[in-house]
Every structure is written in structure tokens, then in C-alpha cells.
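Structure, as C-alpha cells:
In what follows, chains are A, B, ... by sequence order, proteins preceding strands, each numbered from 1.
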Number of protein chains: 2
Amino acid sequence: MSRTAAAPARAAGKTSARVAESADHGTRERLLDAAGEVFADRGYEQATIREICRRAGANIAAVSYHFGDKKTLYIEVIAFAHRCADEYDPAREAANAASDPAERLRAFVLTFMQRIGHKGRPAWHARLMAREMASPGAALDHVVRSGVRPKFEALQAILRRLNPRLGERQVERCACSIVGQCLIYHHARPVLARLFPHLRLDDREIAQIAEHITRFSLSAVAQAHLGGGDRS
Amino acid sequence: MSRTAAAPARAAGKTSARVAESADHGTRERLLDAAGEVFADRGYEQATIREICRRAGANIAAVSYHFGDKKTLYIEVIAFAHRCADEYDPAREAANAASDPAERLRAFVLTFMQRIGHKGRPAWHARLMAREMASPGAALDHVVRSGVRPKFEALQAILRRLNPRLGERQVERCACSIVGQCLIYHHARPVLARLFPHLRLDDREIAQIAEHITRFSLSAVAQAHLGGGDRS
DNA sequence: GGGCCTATCAAACAGGTGTTTCAATCGCGT
DNA sequence: ACGCGATTGAAACACCTGTTTGATAGGCCC
């Protein structure tokens with residue numbers, strides 16, 4: 001019942017090697033793009049295949065045909081977002097690889113905040129990640145493994161260089177503190193908008209907030225006696 | 001169509017003044033309790049009336065009868081959670097009213113973290129609030145006005161006493177930084193669980209994390225030159 | 001041109017949702 | 001005991017969800 005032939009969905013993904021740029025480029029990619037936006041806006045459960053297909057100008061059966069499943073579509077959207085993010089990142093990241101740790105932290109926070117804040121068109125990548133972090137979906141493991149963990153370890157490396165006296169648990173908790181400071185502007189945006197009506201979160205303000213978070217965290221990390229727990 | 005008589009739901013809410021403790025105490029309150037838990041766990045859209053009624057041991061029509069609507073039930077659950085939280089709080093808060101600001105911050109963070117972390121039975125209040133903060137539902141305005149804003153202003157008062165040289169915007173951003181550090185352990189719990197398998201978030205660890213956040217923030221707030229933006 | 005695979009379409013399907021309906025039951029005042 | 005309102009019960013309603021179906025074109029190679 002659930003798996004009749006399983007051929008069409010796989011066929012589109014495997015055998016269309018040379019058609020991937022002519023015929024497939026139309027619906028399949030348009031579907032990925034629309035799905036990313038809808039998933040980022042509404043969340044996995046709340047997003048409907050019908051709206052995705054409507055935005056992509058495709059038929060309702062297109063998702064079933066090209067991806068076979070809503071869950072599979074979601075996973076491939078995550079992977080697609082990942083590919084897009086990866087080819088946008090390494091330039092900036094490599095450039096700051098050699099600079100001093102404080103500058104690296106500043107760049108890390110600024111990049112994070114910019115990705116979160118931008119409401120612009122092709123910016124559902126970060127929103128999707130944040131959404132997936134908040135409510136675990138089908139692709140959480142994949143997102144964590146290849147998206148979140150690398151960033152987190154990069155941040156932890158920066159922290160260790162900033163203050164070599166920090167224990168491993170302290171490094172982890174400082175990383176959580178920094179990421180948490182950034183994420184609240186995404187997770188609690190509606191609340192913050194009501195609390196602080198003057199909040200606008202445009203480019204200038206995002207840069208200011210990133211600078212605040214950077215200095216806030218630099219001051220804190222510089223303190224050696226952050227302890228309280230085990231030093232592991 | 002949508003509103004036939006509207007009598008039964010209102011009748012239960014208004015005319016049952018003296019029955020509110022005998023007959024109503026059974027289903028209505030049991031419904032509120034179950035709904036709070038389900039709403040906190042699954043979120044508004046994902047929570048089903050059938051599961052709420054099943055947990056409350058009530059019929060499917062009970063919600064429609066006692067509250068008339070799923071949205072109305074949700075709003076009353078928020079109000080109910082608020083009532084419960086208010087009668088649990090002022091004791092602790094008043095006790096620390098006179099102590100020094102650093103101790104007040106420590107108490108604030110610890111209370112916040114305990115409420116967030118506890119998975120225990122009657123602890124869906126904070127989880128509900130956090131859930132509502134992340135995804136704005138029907139009762140967001142009410143939650144912010146009477147639930148979040150007072151806490152936030154209390155925190156800002158503490159910060160002003162900690163460092164009187166802070167500008168107003170800086171106070172706001174420091175408050176966001178502190179709340180953000182706490183909230184990540186709730187919003188991103190599944191991710192953190194995968195990133196740090198050793199994380200257990202029991203009472204002892206929550207106390208340690210609260211202590212970390214407190215010291216982290218105290219070090220940062222103590223720095224005078226946090227600027228970067230306007231001083232407003 | 002004739003088959004054959006790929007892609008799209010409208011329509012329908014099974015399942016789950018919030019809500020309503022109407023009969024049956026309970027509790028209590030008279 | 002009776003009657004009446006408040007409350008509960010099982011079934012049905014209309015709607016929306018993801019998924020499947022069978023038909024219909026379109027391109028491509030032999």
C-alpha cells in the first residue's frame with residue numbers, strides 16, 4: 001500500500017543525470033525553493049504541500065513525484081539549504097582564520113546575527129535551521145551533525161584561545177551563552193517587538209546588537225573564575 | 001452557522017457562580033490542567049482536542065461545552081497558568097527585594113532556569129510561556145503584558161543597580177542577553193541534547209548552569225564601556 | 001512513425017481535525 | 001415524585017491534510 005512501485009520518485013533523483021539542468025531545473029528546483037520558504041515560515045507540521053506547490057506553480061502530485069514524501073522533501077530542503085550556506089560561508093570564515101580570537105568572535109557573532117535577522121528573499125536558510133532547532137523535526141540529526149556542530153566547535157575553538165584556563169564544561173557553557181544571546185532575537189522576536197516597540201532589527205541595529213553581544217561575551221570569557229561546576 | 005445559540009458555553013462560564021466549586025471543579029478544571037500540559041508539550045496547532053479530553057477523562061464535546069472554542073480554551077489556559085504562577089512567585093521575589101543586586105540577579109536566573117528545566121508534573125506554566133514566546137499564538141499580547149513585561153522590568157531594574165552608568169538601550173540589550181542565555185536551554189533542548197550527550201539538566205546541573213550564567217553576566221555587566229550603539 | 005520513459009494534471013482517496021447535534025443522564029429544588 | 005436545567009455521551013458533520021491514481025501530453029531513440 002504505502003510503497004507500490006517507488007520508481008518515479010527515485011527515477012527523478014537518480015537517472016536524470018543529464019536532464020537535471022534542462023527539464024528538472026524547472027519544477028524540482030522551484031519546488032525546493034518554495035518548500036524552503038514555506039517550511040521556514042510555517043514550520044514542518046504546519047506547512048502544507050498544497051501551498052508549497054501553489055507557490056512553485058506546480059501540481060499537488062509534483063511533490064510525491066519528485067520526492068516521494070513530505071518528509072523526504074523536507075530533508076532534501078535542509079540539504080539544499082546547507083549547500084547554499086556552505087558556498088556562501090568559507091570565504092568569510094577562511095579570511096578570519098588567522099586573525100586574533102577576539103576578532104574571530106566578533107565575525108562569528110556578526111555573521112550569525114545577520115543570517116538570523118535578514119528577512120530578505122533567499123534567506124530562509126538560517127530561519128529554517130533555527131526553526132528546526134526549536135522544534136525537532138525529521139531532519140534534526142542531519143541538521144545538527146552537518147550544520148550546527150561544526151559552527152559550535154568553531155566557536156568553542158575560539159573560546160579556548162580566548163581563555164585557555166577555561167575547563168571543557170565552561171567552554172561548552174560559554175558557547176551556549178553566546179549562541180543563546182543571538183538566538184533570542186530570532187526565537188522571541190514577536191515578544192521583543194511588543195516589549196521594545198523601538199526595535200527595528202535593520203542592518204544598522206543588527207550590527208549594534210552583534211557588537212553588544214561580542215563585548216558582553218568578551219568581558220565574561222576573559223574572567224578566569226567562571227567555575228561553579230565540574231572542570232571535566 | 002458558526003454561532004447557533006452560544007448559550008451553553010457562556011452559561012458554564014457565567015451563571016455557575018456557586019457551582020464553580022462543586023460540579024464544575026470536576027471536568028472544567030481537569031480540562032484546564034490537561035490542556036495546559038498538552039499545549040505546552042505539542043504547541044497550540046499541534047495539540048488536539050481529542051488528546052486533551054482523553055487526558056482529562058472527558059468527552060470530546062466537553063471543550064465545546066465548557067469553553068466553546070479551542071482558541072478560547074487556550075486563552076483561559078494561559079490565564080490559568082498565570083494565576084498559578086502568580087501565587088507561587090511573590091514570596092521568593094519579595095524576600096530578595098532588599099538584598100544586593102548581584103544576589104537578586106542570581107536568584108532571578110536560578111528561578112528562571114528552574115522553571116524552564118523542570119519537566120515535573122505541574123510545571124507546564126513556564127513551558128507554555130516559552131512556547132507562546134517562540135510561536136505567537138492568540139494570547140501573545142496577554143502573555144507579554146501581564147507575564148513577560150513585569151519580569152523583564154524587574155531584571156532591568158537589577159541591571160541598572162548593578163551598573164548605573166549603563167544607557168537605557170544597553171540595559172535592554174543586557175536583559176536580552178541574560179534571558180537569551182537561559183532560554184536557549186529550553187528552545188534548543190533537542191539540539192543541545194545531541195551536541196552534548198552528557199547534558200542531563202537535572203536539579204544539580206541546572207543550578208550549575210544558572211551559576212554560570214550569573215557569573216558570566218555579572219562580569220559582562222560590570223564593564224562600563226559596553227556601548228556601540230546610541231545611548232538614548 | 002511507434003514504442004517508451006518522463007513529467008504534469010485533475011480527481012479522488014483515507015485519515016485526522018475542530019465542531020455540532022441530539023438523546024441520555026445527573027443533581028437538586030419544589 | 002416530578003420537572004427542569006446543567007452536564008455528559010456517542011455519533012456525525014464539514015473541512016483539510018498527505019498521498020495515490022489513471023489519464024494525458026511531450027521528448028527521444030530505434
Pairs under 3.5 Å (N/O, protein and nucleotides 11-18 of chain C):
residue : atom : partner : partner atom : Å
C/dG18  : OP1  : B/Ala47 : O            : 3.2
C/dG18  : OP1  : B/Ile49 : N            : 3.4
C/dG18  : OP1  : B/Lys70 : NZ           : 3.1
C/dG18  : OP2  : B/Ile49 : N            : 3.1
C/dG18  : N7   : B/Arg50 : NH1          : 2.9
C/dG18  : O6   : B/Arg50 : NH2          : 3.3

Item to check | Residues that A/Asn59 engages under side-chain contact (heavy atoms from CB on, under 4.5 Å), provided they are two or more places apart | outcome: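 Partners of A/Asn59 under the side-chain contact (heavy atoms from CB on, under 4.5 Å) test: A/Ala61.
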Item to check | Any residue meeting side-chain contact (heavy atoms from CB on, under 4.5 Å) with B/Ala35, in chain and number order, not counting sequence neighbours | outcome: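 Listed in chain order: B/Phe39, B/Ile52, B/Leu73, B/Val77.
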Checklist entry - Partners of B/Ser177 by side chain to side chain donor-acceptor pair (under 3.5 Å), sequence neighbours excluded? => result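 Per chain and number, B/Ser177 pairs via side chain to side chain donor-acceptor pair (under 3.5 Å) with A/Gln181, A/His212.
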Item to check | Partner residues of A/Arg55 under the side chain to side chain donor-acceptor pair (under 3.5 Å) criterion, sequence neighbours left out | outcome: A/Glu51
Checklist entry - Does OP1 or OP2 of D/dT20 have a side-chain N or O of A/Ser64 closer than 4.0 Å? => result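 Checking A/Ser64 against D/dT20: at least one side-chain N or O falls below 4.0 Å of OP1 or OP2.
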Checklist entry - Side-chain N or O of B/His66 less than 4.0 angstrom from OP1 or OP2 on D/dT8? => result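 For D/dT8, OP1 or OP2 has a side-chain N or O of B/His66 closer than 4.0 Å.
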Quickly work out the [X] [atom1] to [N] [atom2] distance and round it to whole Å.
{"X": "B/Tyr65", "N": "C/dT25", "atom1": "OH", "atom2": "C1'", "value": "13 Å"}
{"X": "A/Phe67", "N": "D/dT20", "atom1": "CZ", "atom2": "P", "value": "15 Å"}
{"X": "B/Arg30", "N": "D/dT7", "atom1": "CZ", "atom2": "P", "value": "13 Å"}

Next on the checklist: Test of understanding: with salt bridge (Lys or Arg N to Asp or Glu O under 4.0 Å), list the residues that count as partners of B/Glu205, not counting sequence neighbours.
Outcome noted: none
Item to check | Side-chain ion pair, A/Glu37 and A/Arg42, N-O less than 4.0 Å | outcome: no
